[in-house]
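Just follow the structure's listing: the first ligand is 1, and inside any ligand the first atom is 1. In this chain, residues are counted from 1 in sequence order.
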Amino acid sequence: MRLVIFLPILCCQLSKSAFAFNDNSLKVLLFWAVDNATRTQETVMRNVAYARRMGGRQCCDVILAHYEGSPNDWDKNWYASEVTSSLQKPGYKFRFLQEAYREDQWTQKYEFVWALDSDIDFTDVNLVELFQLARSSGSLIIGPTFAGDQAWKTYATDLMVDDAVESRKALIRSDNLVDRQKINVLGKPDPRCMMRHTDFVEMTAPLLSSMVLSLILKDCVDCIHDRAEWGLDRVWCEMASEKFSVSACTLLDATPVRHLDWQTAKVTADFKDAERKVKERYTKYWAQVRNIDCMLAHKQRRVTIDTHGNIKEDD
Ligand SMILES: *[C@@H]1O[C@H](CO)[C@@H](O)[C@H](O)[C@H]1NC(C)=O
């Protein structure tokens with residue numbers, strides 16, 4: 001069982017890949033859900049240019065899902081030379097990804113799909129190192145950690161700015177303050193570690209192995225709703241771990257990205273509703289939001305982390 005499952009992963013690590021100092025046959029798909037604000041356009045353009053500079057011209061395909069505005073709002077020359085394809089309609093990132101997904105084609109073409117919010121800036125990061133770590137993690141869903149003071153908020157976040165604090169509180173992701181803090185703490189770089197296996201990677205900027213896409217975009221029934229997509233990231237780690245017999249989720253501590261945290265997405269009651277439905281259906285996969293182990297920085301050794309965050313060095 002284990003052997004069979006490992007084969008596809010092994011095959012792709014041995015294949016030539018982007019950001020690996022050789023000819024690229026397997027690419028990375030950079031997938032953004034975007035509005036047409038100037039800061040969004042600038043950030044996306046800057047990050048695409050940076051990715052190509054680090055990984056080579058052929059490193060990446062780019063898909064933009066325009067939930068607001070259209071391709072016409074963007075620089076035409078840039079768009080023609082840099083963007084592989086686009087979608088245009090209201091909606092959310094994973095719903096778009098689901099729609100754009102072409103199983104056979106993507107599995108052959110892409111090593112990873114990087115599902116990015118437009119307020120992620122990876123231009124300070126050594127992407128060669130980031131992808132090396134991602135590959136060596138053995139995981140399928142890999143989260144960068146977020147440098148700086150990012151709030152606990154994620155892609156779909158509560159920008160009910162005009163509303164009273166009380167109504168914002170009511171829409172805060174998960175009623176549970178403890179959960180919220182755990183998500184925030186887990187997503188920060190842990191200086192003791194190069195990377196960590198975890199049971200939770202949030203939806204803000206996950207690097208998804210193309211091997212895991214069909215599980216999360218097709219097999220996971222009702223995990224991505226039309227008008228909301230909370231909950232998916234709470235079950236995908238355990239679901240993928242079970243299916244592929246690996247520790248499916250990793251957070252990369254050595255290569256944090258910047259989360260500018262624009263908080264552009266409006267949260268409605270649909271989000272909580274979506275989360276509740278996913279939890280009901282897939283209770284057994286529901287993440288506790290915890291570390292599993294830590295690959296020590298500078299030591300190339302994995303050690304466990306207990307629930308208080310203590311590392312057992314003598315593992
Ligand atoms: C963004 O899209 C809106 C709605 O389509 C449009 O009114 C506005 O002019 C666009 N802004 C830019 C910067 O293109």
Query - Between Y110 and F31, ring centroids under 6.0 Å - result: no
Query raised in the report: Which residues satisfy the salt bridge (charged side-chain N to carboxylate O under 4.0 Å, His left out) test with R39, sequence neighbours excluded?
Result: none
Report task. Could you tell me whether K312 and D306 make a salt bridge, using a distance below 4.0 angstrom between a side-chain N and a carboxylate O? Result -> no
**Report entry** Side-chain donor-acceptor contact under 3.5 Å, Y285 with E242
**Finding:** yes
Report summary line: Less than 4.0 Å from some atom of ligand 1, heavy atoms are found in residues N36, G69, D73
Query raised in the report: Taking C-beta and beyond as the side chain, do C59 and M54 meet within less than 4.5 Å on heavy atoms?
Result: no
Query raised in the report: Is it true that the side chains of R135 and Q132 contain a donor and an acceptor less than 3.5 Å apart?
Result: no
